[in-house]
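First comes the structure, then the notes that go with it.
This structure is a prediction, so every number in the text was calculated from the model and none was measured.
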Amino acid sequence: MTQPAVTDQTRSNRLRERAKLFVRGALHRVDLDVSRGPYPKRLARTLESQGIDTILDIGANVGQFASMTRRAGFSGRMISCEPLNGAYGELTSRASRDPKWTPLHTAVGSSAGTTTINVSANSFSSSVLTMTDEHLTSAPGSGYIAQETVALTTVRDLVAEQSVVPARTLLKIDTQGFEDEVLSGAGDLIGAFGAVQLELSFVELYAGQKLFDELYQRMRGHGYHLHIIEPGFSDPAGRLLQCDGLFVLDEVQ
């Protein structure tokens, strides 16, 4: 196993992520953001309206999503899975201040075992899959710098081990192109979750990943509708490359 080198670029990216987390958190505490109706606030309101009191956070990195959702008003249980050693250390530090937040040191996929993750210079672009030139061109400095061999589990196993009630749970998946594999590891539990949030790509940023249309149709097939869409990663010309999509079961519209 090759351990990632802590470079000046890595330190800079981590500091930038911490600064963003701090600034956004401060704004959310007074219900402000750089845009009208910040996504975490809309998400928290949706979870409350759907009776969702648990978040299963797959691909937590250093806890950005969980922290933002908590600051937006979500008061329930959070279970965050992060496989990379460096990011997991920061995640556990942040979660230690919250008794309802459980960090788990694991990757999540279609089957249990181990896998190798390519570690990116910015940490949050790390993936089991190979990064494409489209990604590298649009996000210079996100290239891979090392690999880590990590434990691998499934959503189905997590539900059983953590006593998760799917109907009252948001399954959030942000795994840099590996979303389809995570869904496969949930099996028929996909249609049982109260809501599912996916990172969705419009172009291939990681080799072999499923794109927006395929994942959208998969979720529709399990009885979900697209409830919120939040723009994400764009290329230098402004073309939207990724977004976050929140899916809610049709019968609870």
Side-chain angles (χ1 to χ4, degrees), residues 2 4-17 19-21 24 34-35 39 57-62 64-65 68 81-84 86-87 107-110 115-150 152 171-185 196-221 226 228-247:
T2 303
V6 180
T7 64
D8 289 341
Q9 181 67 50
T10 300
R11 292 190 187 93
S12 175
N13 284 321
R14 287 179 180 173
L15 287 172
R16 184 167 59 251
E17 282 302 297
K20 286 163 61 178
L21 191 65
R24 288 173 179 167
V34 293
S35 62
Y39 176 70
D57 177 13
I58 309 301
N61 196 241
V62 299
Q64 298 97 317
F65 174 82
M68 290 295 98
C81 299
E82 171 54 41
L84 297 181
V108 183
S110 60
T115 191
T116 299
I117 293 188
N118 301 298
V119 184
S120 70
N122 63 16
S123 178
F124 53 83
S125 294
S126 303
S127 177
V128 173
L129 304 178
T130 302
M131 191 179 292
T132 66
D133 290 341
E134 183 80 51
H135 191 297
L136 290 168
T137 300
S138 299
S142 65
Y144 295 145
I145 58 173
Q147 293 182 323
E148 287 187 24
T149 300
V150 299
L152 184 68
L171 174 62
K172 170 264 182 185
I173 307 173
D174 182 352
T175 50
Q176 304 304 308
F178 208 57
E179 287 77 17
D180 187 64
E181 291 292 310
V182 178
L183 289 172
S184 293
V196 179
Q197 178 175 307
L198 298 175
E199 183 176 69
L200 302 164
S201 296
F202 297 100
V203 300
E204 193 176 67
L205 301 172
Y206 297 90
Q209 73 173 119
K210 300 295 184 182
L211 299 182
F212 179 96
D213 289 345
E214 294 170 281
L215 290 173
Y216 173 80
Q217 291 301 328
R218 180 170 187 172
M219 297 307 296
R220 289 297 296 144
L226 187 55
I228 304 176
I229 189 166
E230 176 71 0
F233 181 35
S234 298
D235 69 12
R239 178 180 54 157
L240 185 62
L241 302 178
Q242 276 184 342
C243 68
D244 290 318
L246 179 67
F247 294 85

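Residues passing the side chain to side chain contact (heavy atoms under 4.5 Å, CB included) test with L136, sequence neighbours excluded: M131, D133, S142. In this view, S110 and E181 satisfy the side-chain hydrogen bond (donor to acceptor under 3.5 Å, both in side chains) rule, not counting sequence neighbours. By the side-chain hydrogen bond (donor to acceptor under 3.5 Å, both in side chains) test, Y206 is found to be paired with H135, Q176, residues two or more places apart in sequence or in another chain being considered. Every residue meeting the side-chain hydrogen bond (donor to acceptor under 3.5 Å, both in side chains) condition with S123, not counting sequence neighbours, appears here in chain and number order: N61. For D244, there are no salt bridge (Lys or Arg N to Asp or Glu O under 4.0 Å) partners two or more places apart in sequence or in a different chain. With sequence neighbours excluded, no residue forms a side-chain hydrogen bond (donor to acceptor under 3.5 Å, both in side chains) with E214.
In plain terms, the two heavy atoms of K210 and L215 that are nearest each other are O-CD1, 3.8 Å. The two residues E134 and R239 come nearest to each other via the heavy atoms OE2-NH2, 2.6 Å. Residues A121 and G141 come closest through the heavy atom pair CB-O, 3.2 Å. Scanning both residues, Y144 and S127, for their nearest heavy atoms gives OH-CB, 3.5 Å. Between G232 and L240 the shortest heavy-atom distance is N-CD1, 3.6 Å. Smallest separation of non-hydrogen atoms from A107 and V150: CB-CG2, 3.9 Å.
The shortest distance between side-chain heavy atoms of F124 and D174 does not fall below 4.5 Å. For the pair D180 and R218, the minimum side-chain heavy-atom distance is below 4.5 Å. The closest side-chain heavy-atom distance from F202 to L211 is not below 4.5 Å.
For the atom pair CD (Q242) and CG (D235), the distance works out to 12.0 Å, reported to the nearest 0.5 Å. Note: D213 CG to S201 OG = 12.0 Å, rounded to the nearest 0.5 Å. F247 contributes atom CZ, which lies 12.0 Å from atom CG of L171 (distance to the nearest 0.5 angstrom).
Using modelled atom types, one side-chain atom of T175 and one backbone atom of E179 make a donor-acceptor pair closer than 3.5 Å. Checking side-chain atoms of E204 against main-chain N and O of G208 turns up a donor-acceptor pair under 3.5 Å. When atom types are taken as modelled, the side chain of T132 and the backbone of L205 share a donor-acceptor pair closer than 3.5 angstrom. A donor-acceptor distance shorter than 3.5 angstrom exists from the side chain of Q64 to the backbone of V62, with no hydrogens or angles considered.
When each of N122, I117, N118 is paired with S120, the side chain to side chain contact (heavy atoms under 4.5 Å, CB included) condition holds for N122 and for no other.
No donor-acceptor contact under 3.5 angstrom links the side chains of Q147 and T116, judged on distance only.
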**Request:** Tell me, with the steps shown, if L200 and Y216 meet side-chain contact (heavy atoms from CB on, under 4.5 Å).
**Result:** CA-CA 9 Å; L200 302 164; Y216 173 80; over 6 Å; no
**Asked** After noting the C-alpha distance and the side-chain angles of L183 and I173, does the key distance pass the side-chain contact (heavy atoms from CB on, under 4.5 Å) rule?
**Response** CA-CA 9 Å; L183 289 172; I173 307 173; 3.7 Å; yes
**Asked** Would E199 and F233 satisfy side-chain contact (heavy atoms from CB on, under 4.5 Å), going step by step from the backbone distance to the final call?
**Response** CA-CA 10 Å; E199 183 176 69; F233 181 35; over 6 Å; no
**L84/V119 under side-chain contact (heavy atoms from CB on, under 4.5 Å): CA gap, chis, key distance, verdict** = CA-CA 8 Å; L84 297 181; V119 184; 3.9 Å; yes
